[in-house]
Amino acid sequence: MAEDARREALKKIKDEVLALAESPLYEYRIQNHYFPVIGEGSHYAKLMFVGEAPGRTEAQTGRPFVGAAGRVLEELLETVSMDRKEVYIANILKDRPPENRDPLPEEIAVYGPFLDRQIDIIQPSVIATLGRYSLGYIMRKFELELYIQPISSMHGKSFAAKAPYGDISVACLYHPAVAVYNNGMKETLKKDFQIIKELIK
Ligand code: URA
């Protein structure tokens with residue numbers, strides 16, 4: 001898909017989410033003067049990150065991973081000599097859940113199709129899941145549900161899958177927020193992140 005077509009298709013997603021009054025999180029967004037957070041990065045990214053949902057800073061700015069977890073993600077990207085501009089960063093939920101609570105199944109059902117469309121537009125060859133919700137969503141989407149286990153035994157592993165546009169790898173990572181107050185986890189994340197280097201070769 002040409003650059004213009006990609007930009008248009010992504011813009012359409014943004015417009016639809018902006019007007020998504022049927023979402024269970026729409027009222028909360030409006031009341032708090034929040035923005036939906038669609039995603040950002042290269043429209044030709046080989047590597048796409050899928051987080052869970054925007055936090056407060058993200059909802060205030062409309063940009064993914066710009067708070068404390070975002071700083072960890074940028075640090076991790078540096079360890080594989082990458083910059084956030086060359087990857088694409090999205091979330092399953094496009095609106096912030098109250099008090100950052102876990103996403104509800106009905107919220108995932110509402111926002112999941114927008115993530116599906118982002119994947120089809122950008123066509124990444126590696127999808128890195130951040131945290132257990134995006135792990136569950138992406139593994140099910142690519143018919144890998146048989147391999148789902150607790151994230152404590154899946155982190156740092158990758159799985160081959162078939163997307164409509166070609167072969168892909170799903171890389172399973174802990175959510176960077178786990179390292180915000182726990183430096184030990186940061187070491188684990190850095191180690192796990194090295195699989196990305198292998199996969200995007
Ligand atoms: N956590 C997420 O899962 N996504 C963000 O965009 C920010 C924090």
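Start at 1 and go down the list; that is how both ligands and their atoms are numbered. In what follows, every heavy atom counts, from backbone to side chain, and hydrogens, waters and symmetry copies are set aside. Sequence positions, counted from 1, serve as the residue numbers for this chain. Note that the structure is predicted; figures quoted are calculated from it, not measured.
Partners of Lys191 under the salt bridge (charged side-chain N to carboxylate O under 4.0 Å, His left out) rule, at least two apart in sequence or in another chain, do not exist in this structure. Arg56 meets the salt bridge (charged side-chain N to carboxylate O under 4.0 Å, His left out) test with no other residue; sequence neighbours excluded.
For residues 159-181, the salt bridge (Lys or Arg N to Asp or Glu O under 4.0 Å) pairs, not counting sequence neighbours, are Lys162-Asp167.
Within 4.0 Å of ligand 1, protein heavy atoms belong to Gly51, Glu52, Ala53, Glu58, Pro64, Phe65, Asn91, His175, listed by chain and number.
Residues Phe65 and His175 bring their aromatic ring centres within 6.0 Å. Aromatic rings from Tyr147 and Phe159 are positioned such that their centres are separated by under 6.0 Å.
Seen from the ring of Tyr44, Arg6 counts as a face-on cation partner, given the 6.0 Å and 45° thresholds.
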